[in-house]
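All values below were derived from every heavy atom in this structure, side-chain atoms included, with hydrogens, water molecules and symmetry-related copies excluded.
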Amino acid sequence: MTDEFPILGNQLTLDFLNTEVVVDGKLTELLPDATRLAAWLGAVGLLTSSQSSQLAQAWAHRDASGMERLWELRDSLRSAILQVESGKPVPQALLDLLNRLLLEFPRTDELVRSGSGLARHPRFAPKSENDVLGVLASSAADLLTSVPADKIRKCKGCVCHFYDTSKKGARIWCSIALCGNRAKVAAFALRNKAERKA
């Protein structure tokens, strides 16, 4: 979890879904423009903080129209993930969309020094908001092909989604410090109220 974004999905696609949340009972857009998108790219580790700041400055005067395809992708992904979480198959329309995006934004890799050797990493240097679509499509493809469907969950207390990587596989909250704690406080208050009535 960052101060700005709920980074608690354990997977990039799920963290992307979690950029539209409910705050004080209202649906809140955490990516209203390209500047916030640049900040989110830094928060999820796709860019360094320096790269994120530079990109935010470069994108500061863009209007929100460049964000429309990202919002549409997020809506399609959310709908599909909700179906997967309820045990249904991934809709063909989402597969078609992801395949189009993977073709439109092919992934390229680069070699980087890592410790005493070399590592292969995806190259990511976005010039526009649309360049983020390829990274998200690739992440969604990874989620849908390598994460067991029963490990993809929606929090019991809010609208956030997460990949349950806990040992017991019984995680139900996006964060025990957030929703889990709220549920415990509410249950305690309910018990106290019932005891006072008795």
Inset, instruction - Apply side-chain contact (heavy atoms from CB on, under 4.5 Å) to Leu133 and Leu70, showing your working. - result: CA-CA 7 Å; Leu133 290 166; Leu70 285 164; 3.6 Å; yes
Legend entry - Criterion side chain to side chain contact (heavy atoms under 4.5 Å, CB included) against Ile152, the qualifying member of Gln11, His161, Glu85: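 One option only clears the test, and that one is Glu85.
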Legend entry - Sole candidate of Ile7, Thr35, Leu30 that passes side chain to side chain contact (heavy atoms under 4.5 Å, CB included) when paired with Trp40: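 Exactly one option meets the side chain to side chain contact (heavy atoms under 4.5 Å, CB included) with Trp40, and it is Ile7.
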Inset, instruction - Taking side chain to side chain donor-acceptor pair (under 3.5 Å) as the test, write out the residues that go with Glu129, two or more places apart. - result: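 Result, side chain to side chain donor-acceptor pair (under 3.5 Å) vs Glu129: Arg62.
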Legend entry - Non-neighbouring partners of Leu95 that pass side-chain contact (heavy atoms from CB on, under 4.5 Å), sequence neighbours left out: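 Here the qualifying residues are Val90, Gln92.
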Legend entry - Contacts of Ser76 that satisfy side-chain contact (heavy atoms from CB on, under 4.5 Å) - sequence neighbours left out: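 So Ser76 forms a side-chain contact (heavy atoms from CB on, under 4.5 Å) with Leu94, Leu97.
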Check for a donor-acceptor pair, side chain of [X] on one end and backbone N or O of [Y] on the other, with a separation under 3.5 Å.
| X | Y | result |
| --- | --- | --- |
| Ser138 | Gly134 | no |
| Arg153 | Asp150 | yes |
| Arg36 | Ala38 | no |
| Ser146 | Leu143 | no |

Inset, instruction - Give a yes-or-no answer on whether the side chains of Ser65 and Asp63 include a donor-acceptor pair shorter than 3.5 Å. - result: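 Side chains of Ser65 and Asp63: pair found under 3.5 Å.
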Inset, instruction - Could you check Asn10 against Lys151 for side-chain contact (heavy atoms from CB on, under 4.5 Å), going step by step and ending with a plain yes or no? - result: CA-CA 11 Å; Asn10 293 330; Lys151 298 289 185 183; over 6 Å; no
What I'd like to find out is whether the side chain of [X] reaches to under 4.5 Å of the side chain of [Y], using heavy atoms alone.
| X | Y | answer |
| --- | --- | --- |
| Cys158 | Cys174 | yes |
| Asn130 | Glu104 | no |
| Asp164 | Ile172 | no |
| Val132 | Leu46 | no |

Legend entry - Pairs where residues 118-127 contributes a residue and the test side chain to side chain donor-acceptor pair (under 3.5 Å) is met, not counting sequence neighbours: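 Only Asp109-Arg120 qualify under side chain to side chain donor-acceptor pair (under 3.5 Å).
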Verify same cluster id: [X], [Y] (apolar side-chain graph, 4.5 Å):
| X | Y | value |
| --- | --- | --- |
| Phe5 | Val22 | yes |
| Leu102 | Phe16 | no |
| Val147 | Leu12 | yes |
| Leu82 | Leu27 | no |
| Phe162 | Ile81 | no |

Legend entry - salt bridge (charged side-chain N to carboxylate O under 4.0 Å, His left out) contacts touching residues 89-101 (sequence neighbours left out):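 Every pair satisfying salt bridge (charged side-chain N to carboxylate O under 4.0 Å, His left out) with a residue in residues 89-101: there are none.
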Legend entry - Qualifying salt bridge (charged side-chain N to carboxylate O under 4.0 Å, His left out) pairs with a residue from residues 17-35, counting only residues at least two apart or across chains: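 Qualifying pairs: Glu20-Arg74, Glu20-Arg78, Glu29-Arg74.
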